[in-house]
Colleague: 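First, the structure itself, so that you have it in front of you.
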Number of protein chains: 2
Amino acid sequence: MIASLSSPSPAASTAEEEAYLYLHKALRLGRYKAGERLIPEDIAAEIGMSRMPVREAFRRLAADGLVTLRPNRGCVVAGLTLDELTEAFEIRSVLEGLAVRLAMPKLTAEHFEELDRLLLRMERAGEAGSSDWVLRHQEFHAYIYGLSGRPKLIRQIAALHVAIEPYMRIWFDYVEKPLSAREEHQTLIDAFRAGDVAEAERVMEDHVLGTASLLAEFASPGRR
Amino acid sequence: MIASLSSPSPAASTAEEEAYLYLHKALRLGRYKAGERLIPEDIAAEIGMSRMPVREAFRRLAADGLVTLRPNRGCVVAGLTLDELTEAFEIRSVLEGLAVRLAMPKLTAEHFEELDRLLLRMERAGEAGSSDWVLRHQEFHAYIYGLSGRPKLIRQIAALHVAIEPYMRIWFDYVEKPLSAREEHQTLIDAFRAGDVAEAERVMEDHVLGTASLLAEFASPGRR
DNA sequence: GTTTGGATAAGTGGATACAAAAATCCAGTG
DNA sequence: CACTGGATTTTTGTATCCACTTATCCAAAC
């Protein structure tokens with residue numbers, strides 16, 4: 001149903017891949033704090049390999065925007081400033097809008113029903129807590145932009161979702177209530193069902209930007 | 001005036017940086033053919049270092065989409081399929097559209113004049129050949145999206161320009177005439193001068209998508 | 001008490017060495 | 001003559017080692 005969400009596949013064929021998956025997961029779960037320094041030797045010891053594959057994993061994580069790499073100064077967990085967070089949402093809004101535009105012509109009744117199910121699941125998860133809700137929320141969005149059928153677009157959007165994930169958790173814990181989230185996303189499904197491509201794209205853009213401005217108020221816990 | 005275009009700064013503080021810059025430049029200039037395999041040992045020998053920093057440079061280039069990396073199978077120059085090329089333009093169109101939307105409120109008469117100058121320079125370069133024209137064309141676009149003031153957005157758009165650069169050369173050599181390119185881009189400047197944000201964004205999107213469909217016809221020289 | 005300088009420790013970048021995987025080549029077989 | 005299987009070669013992936021940079025800490029000076 002949902003292909004792979006945003007996380008890479010669990011099977012690691014090389015040590016570098018294993019290190020990347022390990023760190024990617026840890027970073028998504030917020031195991032390291034923003035600004036914290038990641039020491040290759042320690043990570044390598046944790047997962048039983050040498051520093052080398054870990055170093056290469058760092059480069060990939062840096063490309064994902066999850067860590068920052070500076071010459072002779074190592075690897076630090078990349079927190080987003082308020083500006084950066086806003087920018088991520090701005091980019092997400094047009095990319096997910098584009099995805100909707102591309103997906104719209106392909107949508108059928110089955111897709112709408114699946115979206116209803118995903119929304120229901122997201123709502124139920126929301127009652128349990130932010131952790132599940134964030135994943136279900138990603139799943140909901142991933143289902144939509146996945147229907148665009150554009151591999152690079154999908155990867156880019158997924159990467160943005162991962163980068164903003166920690167902030168979504170904070171936001172949901174402190175502000176959002178499952179019911180208002182439900183309404184927000186119901187609006188999306190309604191727009192898809194209505195069948196107006198341009199309008200659906202606009203609704204998706206607004207949805208993402210709307211989330212951004214709500215989130216912005218809570219997203220500056222002194223992170224660099 | 002133009003900050004850095006899309007290419008990274010020329011000074012390399014580490015060997016990895018040097019390898020990255022060297023390969024980035026070579027790839028942009030089309031020194032390697034799409035599908036060609038890059039052997040770390042050879043590259044390392046060419047620029048006088050060991051394989052290691054070259055390997056790490058490969059990872060960054062892979063993140064840029066300029067090469068493809070597969071476990072145990074090395075590094076190959078990433079050609080774009082027609083679908084991938086189209087997708088790159090689709091993404092470019094919404095990102096550059098967004099950049100225009102963000103830049104519009106900041107534009108003054110000086111900016112319009114600078115755009116006129118850049119357009120003139122692009123036109124003159126076009127008479128010389130595709131190589132210069134492509135760079136001037138990038139410069140023109142970079143000036144616009146640079147005014148958005150959004151670092152990540154700028155980086156992403158610049159990366160897309162680099163990825164499609166070889167195809168722009170082909171296209172320009174075979175199809176485009178300096179004068180029609182001039183008219184296309186004059187339309188952009190006119191839209192900016194008119195001051196309607198939504199309209200300017202739309203014009204930029206259309207410009208990019210229009211280029212895509214023209215380019216598509218010439219972009220499938222059997223590349224993988 | 002704060003600042004500055006330098007010794008010391010910690011960590012990063014890069015080269016070499018070695019092991020494992022893939023590609024190539026070649027001989028034997030149908 | 002095409003094909004299969006296996007030895008050889010090539011190339012990739014990882015570990016270890018060393019040199020150099022950066023950070024830390026302590027003591028002396030202001």
Side-chain angles (χ1 to χ4, degrees), chain A residues 8-27 31-79 224, chain B residues 8-27 31-79 224:
Chain A
S9 86
S13 59
T14 66
E16 184 277 336
E17 181 81 5
E18 190 185 336
Y20 175 73
L21 294 174
Y22 175 85
L23 289 170
H24 195 274
K25 188 176 173 184
L27 287 164
R31 251 188 64 190
Y32 305 112
K33 274 172 287 187
E36 182 177 346
R37 194 157 158 204
L38 295 181
I39 288 124
E41 223 156 7
D42 297 349
I43 314 269
E46 280 178 50
I47 46 183
M49 64 181 65
S50 82
R51 292 170 16 200
M52 193 76 78
V54 176
R55 271 179 51 180
E56 302 202 339
F58 281 171
R59 291 221 180 272
R60 263 213 275 175
L61 294 167
D64 294 339
L66 298 178
V67 301
T68 305
L69 237 41
R70 276 165 58 203
N72 286 319
R73 215 155 286 191
C75 176
V76 296
V77 178
R224 190 230 62 99
Chain B
S9 87
S13 60
T14 68
E16 186 276 336
E17 183 80 4
E18 189 185 337
Y20 175 74
L21 294 174
Y22 175 84
L23 289 170
H24 194 274
K25 187 175 174 185
L27 287 164
R31 249 187 66 190
Y32 306 112
K33 274 173 287 188
E36 183 178 346
R37 209 161 143 198
L38 295 181
I39 290 124
E41 227 156 5
D42 297 350
I43 314 268
E46 279 177 52
I47 46 183
M49 62 182 67
S50 81
R51 293 170 358 183
M52 269 256 282
V54 176
R55 272 177 58 111
E56 304 202 337
F58 282 170
R59 291 219 183 274
R60 262 213 276 176
L61 294 166
D64 294 338
L66 297 177
V67 301
T68 305
L69 236 43
R70 276 165 57 204
N72 288 319
R73 213 154 287 191
C75 176
V76 295
V77 179
R224 192 224 65 93

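Residue numbers start from 1 in every chain, and the chains themselves are labelled A, B, ... in the order their sequence lines are given, proteins ahead of strands.
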Colleague: Show your working on side chain to side chain contact (heavy atoms under 4.5 Å, CB included) between R73(B) and R37(B) and close with a plain yes or no.
Modeller: CA-CA 9 Å; R73(B) 213 154 287 191; R37(B) 209 161 143 198; 6.0 Å; no
Colleague: Rounded to the nearest 0.5 Å, what separates atom CZ in R55(A) from atom SG in C75(A)?
Modeller: 11.5 Å
Colleague: Check whether any side-chain N or O of E36(A) sits under 3.5 Å from a backbone N or O of K33(A) as a donor-acceptor pair, and report yes or no.
Modeller: yes
Colleague: How would nucleotides 9-22 of chain D be written as a contact map, 5' to 3', with B for base contact, S for sugar-phosphate-only contact and - for no contact, using protein heavy atoms under 4.0 Å?
Modeller: --SBBBBB----SS
Colleague: How long is the straight-line distance from CG of L21(B) back to CZ of R60(B), given to the nearest 0.5 Å?
Modeller: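 These two atoms lie 7.0 Å from each other.
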Colleague: Rounding to an integer number of Å, can you tell me how far I43(A) CD1 sits from dT12(C) P?
Modeller: 10 Å
Colleague: How long is the gap from CD on E18(A) to CG on L23(A), to the nearest 0.5 Å?
Modeller: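 If I round to the nearest 0.5 Å, the distance is 10.5 Å.
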